[in-house]
Protein chains: 2
Amino acid sequence: MYSIGDLSRQTGVKVPTIRYYEQMGLLEAAGRTEGNQRRYDAAHRDRLAFIKHARDLGFTLEAVRELLDLSGHPERPCTHADEIAARQLDIVRDKIARLQRLESELSRMVGTCHGDHVRDCYVIRSLANHEMCSTDH
Amino acid sequence: MYSIGDLSRQTGVKVPTIRYYEQMGLLEAAGRTEGNQRRYDAAHRDRLAFIKHARDLGFTLEAVRELLDLSGHPERPCTHADEIAARQLDIVRDKIARLQRLESELSRMVGTCHGDHVRDCYVIRSLANHEMCSTDH
DNA sequence: CGCAAACCTCCAGTTTCTAGAGATATGGGG
DNA sequence: CCCCATATCTCTAGAAACTGGAGGTTTGCG
């Protein structure tokens, strides 16, 4: 039996976040001690590790909820889980592409401050003037 | 003189967001008509375009505030603006790196569903079992 | 047994908007 | 000159996913 702090240390999920997940119905409410403190078992820990892992991968809580639901029904076909992951992959790829465009624009800005004054500053000027951008955003 | 809707169309910033920026002190409060509607001029439009551009580049409103402040003082040295942009570039590069790790893990998940049932599903299994990951996160 | 650390609940704040309700203003057509 | 659709006004609440604090109770070690 683990306390909420034990669970937090084992999974890397902060204590208030664990309570938040319980409140959101993602993590089953734990049993309590006589003094009303939560006590968890290994099943709770595994489920929380699953949630943490999925969150680290950028899944929304809504997607995590679906995934958890699926994992509780091993007899169902797994196309749906694959779909969720594929959707998430699309999102991640899109984010990467957009960030790379920003990166190129920002790196052109940085270190190009030759003038001593803001009036000549490339950073400020290129923010004020969208025509200086090569990419669209 | 532009109405708030004109300004919105010209800059691509939604109407409630313009009001929000005014409330946050990023955009100077516009003059009003007799009937209490906001009326903007070209200076407002340029400033809002600046904000929009910086937000698109991922700067926080706090950073935008600093940048705007700097751009209002052309006589100051521009090292600070360069620093802000450099910090942002670091953040963007870090995000890209982390997203690329996620991308490789997700792409290993997707399309590997050979079993028909969730019990055999790679997506679910790899979420439940962190040891299947090659990268750290 | 004493006491510090951990735990409890409840509520507010974070960030950056976005959306709705209910009321008023504007501007073009008849 | 009036009508009416559309735009605008203010105010408030909600979204997402937590995070932090206040004020009070429980645990467990020495």
Side-chain angles (χ1 to χ4, degrees), chain A residues 1-27 29-41 44 47-48 50-68 84 87-88 91-92 95 98 102 137, chain B residues 1-27 29-41 44 48-68 87-88 91 95 98 102 137:
Chain A
M1 290 303 236
Y2 317 118
S3 72
I4 197 167
D6 293 340
L7 205 62
S8 171
R9 257 163 268 124
Q10 285 182 49
T11 58
V13 178
K14 291 195 184 144
V15 169
T17 306
I18 296 175
R19 289 196 275 250
Y20 171 75
Y21 288 160
E22 177 183 316
Q23 201 188 314
M24 293 296 101
L26 283 163
L27 192 63
R32 303 288 180 121
T33 64
E34 261 182 57
N36 198 35
Q37 297 196 358
R38 291 167 178 83
R39 285 298 175 268
Y40 298 94
D41 59 22
H44 283 106
R47 193 172 165 100
L48 185 57
F50 183 108
I51 296 171
K52 170 83 159 87
H53 194 181
R55 289 291 299 136
D56 285 347
L57 287 170
F59 290 92
T60 63
L61 286 188
E62 212 23 62
V64 175
R65 204 186 298 276
E66 288 183 82
L67 256 8
L68 280 167
I84 294 171
R87 209 191 312 142
Q88 182 61 19
I91 292 169
V92 168
K95 273 189 193 168
R98 274 187 295 122
L102 304 189
H137 51 244
Chain B
M1 290 304 237
Y2 318 118
S3 72
I4 196 166
D6 294 339
L7 205 62
S8 171
R9 259 163 265 124
Q10 286 182 49
T11 58
V13 178
K14 291 193 183 144
V15 169
T17 306
I18 297 174
R19 288 196 275 251
Y20 171 75
Y21 287 160
E22 177 182 317
Q23 200 189 316
M24 293 296 103
L26 283 165
L27 193 64
R32 302 289 182 121
T33 64
E34 259 183 58
N36 197 35
Q37 297 196 356
R38 291 168 179 83
R39 286 298 176 268
Y40 297 94
D41 58 22
H44 283 107
L48 184 57
F50 184 109
I51 297 171
K52 170 85 159 85
H53 194 180
R55 288 291 301 135
D56 284 348
L57 287 169
F59 290 92
T60 63
L61 286 189
E62 212 21 62
V64 175
R65 203 186 299 277
E66 288 184 81
L67 256 6
L68 280 167
R87 210 192 308 142
Q88 182 58 19
I91 292 169
K95 275 189 191 166
R98 275 187 294 124
L102 304 188
H137 50 245

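Just so it is clear: chains get the letters A, B, ... in the order the sequence lines come, proteins before strands, and each one is counted from 1. Side chains are part of it too, since the values below use all heavy atoms of this structure and drop only hydrogens, waters and symmetry mates.
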### Query
Once you round to the nearest 0.5 Å, how far does NE2 of H44(B) lie from CZ of R39(B)?
12.5 Å
Tell me the interatomic distance from [X], atom [atom1], to [N], atom [atom2], rounded to whole angstroms.
{"X": "M24(B)", "N": "dC17(C)", "atom1": "CE", "atom2": "C1'", "result": "10 Å"}
{"X": "Y2(B)", "N": "dA7(D)", "atom1": "OH", "atom2": "P", "result": "19 Å"}
{"X": "M1(B)", "N": "dT8(D)", "atom1": "CE", "atom2": "P", "result": "15 Å"}
{"X": "I4(A)", "N": "dC8(C)", "atom1": "CD1", "atom2": "C1'", "result": "10 Å"}
{"X": "R9(A)", "N": "dA5(C)", "atom1": "CZ", "atom2": "P", "result": "13 Å"}
{"X": "E22(B)", "N": "dT16(C)", "atom1": "CD", "atom2": "C1'", "result": "17 Å"}
{"X": "I18(A)", "N": "dT9(C)", "atom1": "CD1", "atom2": "C1'", "result": "16 Å"}
{"X": "Q23(B)", "N": "dT18(C)", "atom1": "CD", "atom2": "P", "result": "14 Å"}

### Message
Any carboxylate oxygen within less than 4.0 angstrom of a Lys/Arg side-chain nitrogen, looking at R19(B) and E22(B)?
### Response
no
### Query
Can you find a side chain N or O atom of T33(A) that sits less than 4.0 Å from OP1 or OP2 on dT27(D)?
yes
### Task
For dT10(D), take OP1 and OP2 only and decide whether either is under 4.0 Å from a side-chain N or O of R38(B).
yes
If you restrict it to nitrogen or oxygen atoms, what contacts under 3.5 Å exist between nucleotides 15-19 of chain D and the protein, and what is each distance?
| from | atom 1 | to | atom 2 | distance (Å) |
| --- | --- | --- | --- | --- |
| dA17(D) | O3' | R55(A) | NH2 | 3.3 |
| dC18(D) | OP2 | Y21(A) | OH | 2.9 |
| dC18(D) | OP2 | R55(A) | NE | 2.7 |
| dC18(D) | OP2 | R55(A) | NH2 | 3.4 |
| dT19(D) | OP2 | T17(A) | OG1 | 2.8 |

### Query
Closest nucleotide of DNA chain C for R39(B) versus for R19(B): which of these residues is on the 5' side?
R19(B)
Close side-chain approach of [X] and [Y], heavy atoms under 4.5 Å:
{"X": "Y2(B)", "Y": "T11(B)", "result": "no"}
{"X": "D6(A)", "Y": "Y40(A)", "result": "no"}
{"X": "L48(A)", "Y": "K52(A)", "result": "no"}
{"X": "L27(A)", "Y": "R47(A)", "result": "yes"}

### Query
Given R55(B) and Y21(B), is the side chain to side chain contact (heavy atoms under 4.5 Å, CB included) satisfied, shown in steps?
CA-CA 12 Å; R55(B) 288 291 301 135; Y21(B) 287 160; 3.8 Å; yes
### Query
Is R32(A) touching bases, backbone alone, or none of the nucleic acid, heavy atoms closer than 4.0 Å?
sugar-phosphate
